Each structure stands twice: as C-alpha cells, then as structure tokens.
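Report on the structure given below.
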Protein chains: 2
Amino acid sequence: MLANACWLTLAGMHHSQAPRTPEPSGPPAPTAARRSDATRAAILDAARERFATDGYERATIRAIAKDAGIDPSMVMRYYGNKEGLFAAAVSVDLRMPDLGAVPRDDLGRVLVTHFLAQWEENEQLTALLRVGAANRAGAERMQGVFRDQLLPAARTACPDPEQAPARAALATTQLLGLALTRYVLHLPPVAALTRDEIVAWLGPTVQRYMVAPHP
Amino acid sequence: MLANACWLTLAGMHHSQAPRTPEPSGPPAPTAARRSDATRAAILDAARERFATDGYERATIRAIAKDAGIDPSMVMRYYGNKEGLFAAAVSVDLRMPDLGAVPRDDLGRVLVTHFLAQWEENEQLTALLRVGAANRAGAERMQGVFRDQLLPAARTACPDPEQAPARAALATTQLLGLALTRYVLHLPPVAALTRDEIVAWLGPTVQRYMVAPHP
DNA sequence: GTCGTTGGTCAACGCCCGTTGGCAAACATG
DNA sequence: CATGTTTGCCAACGGGCGTTGACCAACGAC
C-alpha cells in the first residue's frame, strides 16, 4: 500500500524506517507492530481529511499535525516530506467488481451505483480529485488510477477490447463530472439528487458509453 | 464586468480608482482611457494564464507581475489584493445562445459544440474550474455561473421549466466532467478524442438530460 | 540497573508569500 | 515654467510555510 511512496520527486523518505525485528521466525506477521502505529494512523486520518477538504496547498503539515495531536516534525520523520505524506495518505483502491460477471444490460447501473458508494464512504477519492485538479503531479496520479484500475476492468466488459480506452474514458468523464459537481463544487441541484435518481439518469449514459455501437 | 470585485471577503479595493475625467460631455465613452490601460491588460492576461495553469494558490502575484513585466506592487495598486485580481481576471461569460430558437432534436449537439468552442478559446474557463475545485469561494463562483447563465438558458429549453434546475445540473455534470478530464487532468484517451467524436458521443447524453422524459 | 532504540517535543532556519509605503520619473494642466 | 497627478520601482514588513536537528522521556533487552 505504501509501495510508490516517492511521488513527485525522488528525494523523499530520508527518514524511512525499516522494521526492527529481524523475523525471529515467530508469528507470520511480515512487519512487526510498532508502538507508534496509533500515531501514524492518526496522522494519515488527519491528512486525508485535510487534503479532501482543503486541497494540497492549503492542507498544511502544521494543521494536519495539530489535528492528529502531535508535533509537525513527527510527520516529517514518518513520511519524509509533504509529498510522501500525500502518497501514503491517498492510495486509492476503487475495488472494481468483475465486470465480466455483470449482465451486459446492467453494466451502467452497476457502475454508477458502485462509484456512488465508493465516493461516499472513502474521502480519499475527494482528496485525490481535489489534488488532481490543483497539481500536475496529482493529475498524473489520477491518470494512474484510470490506467491501472478502470481500464483493466473495462477491458473485461467491452465487446471490442480495442475500444476499451475510449469507452472507459467516456464513462470517466460522466462519473468524475458527477463527483466534481456533487462532492467538490456542491452544486445545489446535483447535491439534491437522491442516489436512485442519479443511477436512473446516469446509468443509461454509462451503459451507452460502455457497450453501445460507435455512433 | 468588474461589478462584483469583492469576492471572498469584503475588505478588498483599498486603492480603488475612480475615473478622473468628470465627463466633459464630450465623446460618449463612460470611462476615459487611462495611460496605464496597457499595463492593466498585461496584468490580467498574465493572471488568467497563471490561474488557468497553476490554480489559485500556486499562481503568485510575484509570478504574475513578472510575466506582465512590472512590479508586484502595481498589481496591488490596480486590483487591491489577490482576490480582487482574480475577480477582475476571471469574469466568465458563456455566451449562451438562445436555446428556444434551437430545433429540439439538435439541443444536445448544439450545447456540446458550444461548450467545446467556448472552452478552447477562453482560458478563463479552465482557470475558474481549477479554482472552483481548490477553493470554497471558487466553488461559489462556479455556482453563480450555473445559476445566472446556465439555468436561465435551460428554462427556455426544457419542456417543464420546473425541471430546469435538475436537467441543467445533469447536463453540467457531463460537460464539466469532459472539461475536467480533457483540459485539467489531460486524461490521454479523452484528450485524444476529436471534437466531432465528442459531439457524437456526448450530444445524445445532454439531449436526453435536457428533454427526455424523467426515467 | 544499564544502555541502545524508539516516540515525541521544542526552537529555530531559510524561504517565499501577500502586502505596504516611500520615492523618482513621466506626464498633464495652468 | 510650475504644480499636481499618474505610473512605476524599490526595499522592506510580518507571517506562514516546509523542514531540520538538538534534546528529553519512555521503553525493552540483557
């Protein structure tokens, strides 16, 4: 989950910590529990919330540290720098279902329902969207999510896999537009829609983008 | 155009300038030409570009002034503060056509075509989108554009004007999602689409959101 | 008990930001 | 030419930022 911690530059992780215990062949835990795990988790929680509500620049390390109840220098020790913190705090997993197993006529509804649920239970998605709009590096991170998670799923659903990138991208325009207007801009008429209304309206759109013949 | 210059706080415009010439009943020009108009325009141009490419926080007054070839203090004198500069630089006019005169079956294609053209010839739209995603005040500004420009246009096009807010909002999710992925995130498969392809794919979507019966 | 390791605080550095006020040149007006 | 206004530059301010390194307390192994 912390695999790609170096995100914009390659300079981060000066204070990276290796696990202490050299595997005494005891329990099968690959990394031992550290005494500071609670603090680390508190930092990540605070960071996720700040990044989601304030965006990258306005989410200061000092504010995140204060939210977590510790000193700003702890953030630096555990995550190297601000970029490392963002990389550690925001590791999006869309939990894409197996689209091959979904009845073809339900694809649109299933996708919209899935994304609505993901977005409302995981504030990392809003954080990533905000930073993606603010930052070139954030935009590249979003491209990575599209490439590594959405595209493979689309390939299993599209009739012609060669069309998968375009079709997945079209669906993404609709789904990200919904997220932007509803969770970031808070456009009143969008925020007022119920989930069922959104699925009823957007489902056919995504359905068409995914499987309808090229217009 | 500079009407609502005070944007976030009410503190701006300390150095607001009134026109000097007290209307000598000469030419019908309401405000006389100032010697500094070229500089003012250069500042606004540089500000629009910086806000569009860097977003609000990273677009510094110092960088904008350097781009315009003048001293940062000039920006303060002419536009009060950073918020005043943004308000002056970004005054979006979507130039909405009279949708009542558009054949009902062409509504979707006309709207998508119009937005594509607007977006590609006016970098203020990208600037506003970036700031809207970064900033609560920016988001409110986008809400204002929706309320004052999109909604009135939608009322003349929707069969039932009572449904206009929801229908205009749905169309906005699709159009802003396109702008976000194409002009901000630069998602490769979206950037690769031609304008005609976009119109062919998104036109029916917007058409349905605007006039199709409630699902 | 002793001592290395870990968790955590504190004070500060250097930088860049928005912003301010003073001053010099260019201009306009009589 | 003399005077007031506009245009512009310069140097600085106060503050917040990311970041660093010294220092202390608690813990764990032997």
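Since this is a predicted model, take the numbers as computed values, not measurements. A, B, ... follow the sequence lines: proteins, then strands. Residue 1 opens every chain.
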Among [options], which is the nearest nucleotide to the side chain of [X]?
| X | options | answer |
| --- | --- | --- |
| A/Arg35 | D/dC27, D/dC9, D/dT7 | D/dC27 |
| B/Arg77 | C/dT20, D/dT19, D/dT7 | D/dT7 |
| B/Asp71 | D/dT20, D/dG8, D/dC9 | D/dC9 |
| B/Met74 | C/dG7, D/dT7, D/dT19 | D/dT7 |
| B/Lys82 | D/dT19, C/dG18, D/dC9 | C/dG18 |
| A/Ile61 | D/dG8, D/dT19, C/dT20 | D/dT19 |
| A/Thr60 | D/dG18, C/dT19, D/dT7 | D/dG18 |
| B/Tyr78 | D/dG8, C/dC10, D/dG18 | D/dG8 |

* Does the B/Glu57 side chain pair with the main chain of A/Glu57, one donor and one acceptor, at a distance under 3.5 Å? -> no

Starting at atom [atom1] of [X], determine the distance to atom [atom2] of [N], rounded to an integer number of angstrom.
| X | N | atom1 | atom2 | answer |
| --- | --- | --- | --- | --- |
| B/Met76 | D/dC13 | CE | C1' | 13 Å |
| B/Lys66 | C/dC17 | NZ | C1' | 14 Å |
| A/Tyr79 | D/dT20 | OH | P | 17 Å |
| B/Arg58 | C/dC16 | CZ | P | 14 Å |
| A/Asn81 | C/dG14 | CG | P | 20 Å |
| A/Ile43 | C/dG7 | CD1 | C1' | 11 Å |
| A/Phe51 | D/dG18 | CZ | C1' | 12 Å |
| A/Arg50 | D/dC17 | CZ | P | 10 Å |

* Asked: Do the side chain of A/Arg34 and the base of C/dG7 come within less than 3.5 angstrom through a donor-acceptor pair of N or O atoms?
  -> no

* To do: Look at the side chain of A/Arg62 against the base of D/dG16 and say whether a donor-acceptor pair falls under 3.5 Å; ignore hydrogens and angles.
  => no

* Looking only at heavy atoms, which two atoms of B/Pro165 and B/Leu151 are closest? And how far apart? -> CA-CD1, 3.5 Å

* **A/Arg130 with A/Glu123: basic N within carboxylate O range, under 4.0 Å** => no

* Asked: Where do A/Asp71 and A/Ser73 land on the side chain to side chain donor-acceptor pair (under 3.5 Å) test, with the steps shown first?
  -> CA-CA 5 Å; A/Asp71 191 87; A/Ser73 62; 2.7 Å; yes

* Parallel, tilted or perpendicular for B/Phe86 and B/Phe51, by the 30°/60° rule? -> perpendicular

* Touch check for B/Ser73, heavy atoms < 4.0 angstrom, all strands: base, sugar-phosphate only, or nothing? -> base

